[in-house]
Every structure is written in C-alpha cells, then in structure tokens.
2 protein chains.
Amino acid sequence: MNELLDLAFAALADPTRRAILRRLAKGEANVGDIAENFPISQPAISRHLKVLEEAGLIETARVGQSRPRRLRPEGAEQAQRFLAEMASYWPDRFDRLEQFLDSEKDSK
Amino acid sequence: MNELLDLAFAALADPTRRAILRRLAKGEANVGDIAENFPISQPAISRHLKVLEEAGLIETARVGQSRPRRLRPEGAEQAQRFLAEMASYWPDRFDRLEQFLDSEKDSK
DNA sequence: TATTTATATAACAATTACGTTATGTAAAGA
DNA sequence: TCTTTACATAACGTAATTGTTATATAAATA
C-alpha cells in the first residue's frame, strides 16, 4: 500500500547504503568509483545501488558504458514527513501517566 | 557502527510498526489495546513492540500487570536529521553539503 | 574483429525477519 | 489458594537480505 515508504526506510537501514548516499552527496559516481572505497565486492555494490534506486533515493544515467548515479533527495521526502510528524508529538509524561492511573482507578 | 540508526530505520521500514507508532501518537496503549486493532496475533504485536523499543522509538512502563507503551519521539531525531540533510542536498547547493557529509559522525 | 572495461545478473550459503501456535510468568480477583 | 488476565517467550516454517564467486552483456579500444 505504501510500498515506497517501506522501501525507503529499508534502504536507509543499511549502513553501507547510507555511506553510499553520503558518497553521492559529493557528486555523481559510477559503480567502480564507489566499489573502490568499500570493503565489499562490485556485485554487492551494484545490488545496494539497485535497492537505493528502487526506493527512489538515487537515479542512474547512462554515459557510454558507465552508469553514473546521483542523489535524488526528493525521494526521502515522505520518510522525512513521517519522522517530522512523529517528532512533533511529545508526550507530557507526567500528565499522561496521571491520566493512565486515573483511568485505571475509574475502571475499578 | 551506528547501530541505533540502523535499528531505527529498520523498525520504521515495517508498515505494521509505523501504524503502531501512529496509534501511540494518540496516547499510551498497552499490548491488548494494540492487538485488538491489528489483523495479527498478540505475540506478533509483542515482537513489533520489542523491535520499536530496541530502536529507541518507544518506551514501556509497568502498571500492575499491563505494560503501557508510549512514543519516544527523541528516538527518531538522528534519523530525522539524516533525512533532513539528505533532502536539503541539491547538486548545486554546496553550502549544505558539508553538513550532510558529517551528519552521522557528529551525532555519534 | 578481438579484447578490455564497466556493470549487471545468476547461483549459492548464511543470517535475519515475520508470521504462526503453544506455553510460561506474574499480577489481579474470586 | 485457584483462576483469570495481560503479556512475554519458545519453537518452527518460510521468505527476504547480504555477502560471495562465476558469468553475461554491452560499449570502448586496439
């Protein structure tokens, strides 16, 4: 139903993928550029890139035989909105605890 | 290396868990309250709650035999910061670039 | 055309994730 | 004390994730 949001959060849960995003914040990079700087194989990088792209967080161009990736920051907007809403909620702990205890008392 | 951020994003990737968070934004709820409104078993809910708590997104109180959960919005702050900075990145906006590149490092 | 280069895909193993049902535990109430 | 209530935990099946190595594909180059 909200699959893109699922995919975006799942993509962001992997530290290697977050590192790739930070790398792409420096500018476009192709697979080889990225793979050189990570301790995992090129196929593993290719798969991480696919995950990031399917989540809408990056996009791919085609220049000759290389496929430069770049950040697609708008892909994070929905996830950002979810977190902003959550963070805007602040439980007044004391009050809520009182409220809970009161409701327990009432139902006795 | 930033395991809490991994856990937070992974927790947020599941739609059932996001629904639980939205439920908790309306106020504290215990396991039974939540399980009633979801099409999965109580043990499954208990596990989702454990995942959310280990990610720092909710916390648990003890009142008699029930364990009311409540939102812990500050648990989402680091994730929110990562996304906000990524979303503020634009290929020609180098003023934001440095901030984004250092985001995980800084919030350690 | 044949070779090299850049990247993707396939096949596989190990681990983790998410659901189920069955059962354990601790507090509440008769 | 005995039962019920609220929740956690265990055991298990299945599917997804993440890495590996081997191989396929398509563009660049000799």
Side-chain angles (χ1 to χ4, degrees), chain A residues 1-21 23-24 27-55 57-70 100-101 103-108, chain B residues 1-21 23-24 27-55 57-70:
Chain A
M1 216 190 293
N2 213 325
E3 196 170 330
L4 252 185
L5 191 50
D6 296 0
L7 293 175
F9 278 129
L12 290 160
D14 186 285
T16 297
R17 286 192 290 261
R18 289 197 307 275
I20 290 174
L21 292 176
R23 167 64 186 84
L24 291 179
E28 287 188 349
N30 54 39
V31 180
D33 296 336
I34 297 170
E36 273 175 19
N37 295 292
F38 286 82
I40 59 177
S41 64
Q42 170 265 311
I45 294 294
S46 281
R47 263 233 279 242
H48 281 307
L49 291 170
K50 192 177 186 185
V51 170
L52 287 168
E53 181 157 33
E54 286 171 348
L57 297 173
I58 66 171
E59 59 192 6
T60 306
R62 241 165 221 268
V63 177
Q65 62 190 133
S66 75
R67 290 162 173 76
R69 270 34 182 236
R70 60 172 162 260
F100 183 82
L101 293 175
S103 71
E104 289 291 304
K105 247 181 289 180
D106 290 344
S107 61
K108 248 187 194 174
Chain B
M1 206 62 244
N2 206 323
E3 193 171 333
L4 252 185
L5 190 51
D6 296 0
L7 293 175
F9 277 131
L12 290 160
D14 185 285
T16 296
R17 284 192 291 260
R18 290 198 305 276
I20 290 173
L21 292 176
R23 167 64 187 82
L24 291 179
E28 287 187 349
N30 54 40
V31 180
D33 296 336
I34 298 169
E36 273 176 18
N37 295 293
F38 286 82
I40 59 177
S41 65
Q42 170 264 311
I45 295 292
S46 281
R47 260 231 281 242
H48 281 307
L49 291 169
K50 191 177 186 184
V51 170
L52 288 167
E53 182 158 30
E54 286 172 349
L57 297 174
I58 67 172
E59 60 191 4
T60 306
R62 295 185 83 112
V63 178
Q65 61 191 134
S66 76
R67 290 163 174 75
R69 270 32 183 237
R70 62 175 160 252

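Every chain is numbered from 1, with letters handed out A, B, ... down the list of sequences. These numbers come from the heavy atoms of this one structure, side chains and all, not from hydrogens, waters or symmetry mates. Keep in mind that this is a model prediction, so the values were computed, not measured.
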Could you state the CG-P distance from D33(A) to dA6(C), rounded to the nearest angstrom? 9 Å
Just to confirm, is there a sub-4.0 Å distance from OP1 or OP2 of dA8(C) to any side-chain nitrogen or oxygen of S46(A)? yes
Donor-acceptor contacts under 3.5 Å from residues 41-49 of chain B side chains, at least two apart:
unit_1 : atom_1 : unit_2 : atom_2 : d
S41(B) : OG     : A44(B) : N      : 3.3
Q42(B) : NE2    : S46(B) : OG     : 3.1
H48(B) : ND1    : R17(B) : NH1    : 3.1

Identify which nucleotide among dT7(C), dA8(D), dT20(D) has an atom closest to any side-chain atom of Q42(A), counting heavy atoms from C-beta outward. dT7(C)
Looking only at side-chain N and O atoms, does S41(B) come under 4.0 Å of OP1 or OP2 in dG19(C)? no
dT7(C) base to Q65(A) side chain: any donor-acceptor pair below 3.5 Å? no
For G64(A) and for I40(A), find the nucleotide of DNA chain D with the closest heavy atom, then tell me which residue's nucleotide is more 5'. I40(A)
Rounded to whole Å, please give me the gap between CD in E28(A) and P in dT7(C). 12 Å
Can you tell me how far C1' of dT18(D) sits from CG of D6(B), to the nearest Å? 13 Å
Return the CG to CZ distance between L52(B) and R18(B), rounded to the nearest 0.5 Å. 11.0 Å
Shortest side-chain distance from R67(B), nucleotide among dC12(D), dA6(C), dA8(D): dA8(D)
How would you label the contact of R62(B) with the nucleic acid (heavy atoms, under 4.0 Å): base, sugar-phosphate, or nothing? nothing
So, does H48(A) get its side chain near the phosphate of dG19(D), meaning an N or O under 4.0 Å from OP1 or OP2? yes
Among the nucleotides dC7(D), dA11(D), dT7(C), which one has an atom lying closest to any side-chain atom of V31(B)? dC7(D)
K50(A) has an atom NZ; how far is it from atom C1' of dT17(D), in whole Å? 14 Å
When you measure from the side chain of S66(B), which nucleotide among dC7(D), dT20(C), dT20(D) comes out closest? dC7(D)
Distance in angstrom units between E54(A) CD and dT17(D) C1', rounded: 13 Å
Under the rule for salt bridge (charged side-chain N to carboxylate O under 4.0 Å, His left out), what residues qualify as partners of E54(B), not counting sequence neighbours? none
Looking only at side-chain N and O atoms, does R47(B) come under 4.0 Å of OP1 or OP2 in dC7(D)? no
Separation between CD of E36(A) and CG of N30(A), rounded to the nearest 0.5 Å: 8.5 Å
Minimum heavy-atom separation for L7(A) to A55(A), with atom names? O-CB, 3.5 Å
Main chain of R67(A), side chain of R69(A): is a donor-acceptor contact present, judged purely on distance under 3.5 Å? yes
Walk me through it: do L12(B) and L21(B) pass the test side chain to side chain contact (heavy atoms under 4.5 Å, CB included)? CA-CA 9 Å; L12(B) 290 160; L21(B) 292 176; 3.6 Å; yes
When the distance from CD1 of I58(A) to P of dT7(C) is rounded to whole Å, what number comes out? 12 Å
Distance check needed: dA17(C) P versus L52(B) CG, whole Å only. 13 Å
Ordered by number, residues from residues 8-15 of chain B within less than 4.0 Å of DNA chain C (heavy atoms) are D14(B)
Where the side chain of P43(B) is concerned, which of dA27(D), dT7(C), dT21(C) is the nearest nucleotide? dT21(C)
Between dT7(C), dA11(C), dG19(C), which nucleotide has the shortest distance from any of its atoms to the side chain of R69(A)? dT7(C)
Would a distance-only check, ignoring hydrogens and angles, find a side-chain to backbone donor-acceptor pair under 3.5 Å from D14(A) to A11(A)? no
N30(A) CG to dA26(D) P, straight-line distance once rounded to whole Å: 19 Å
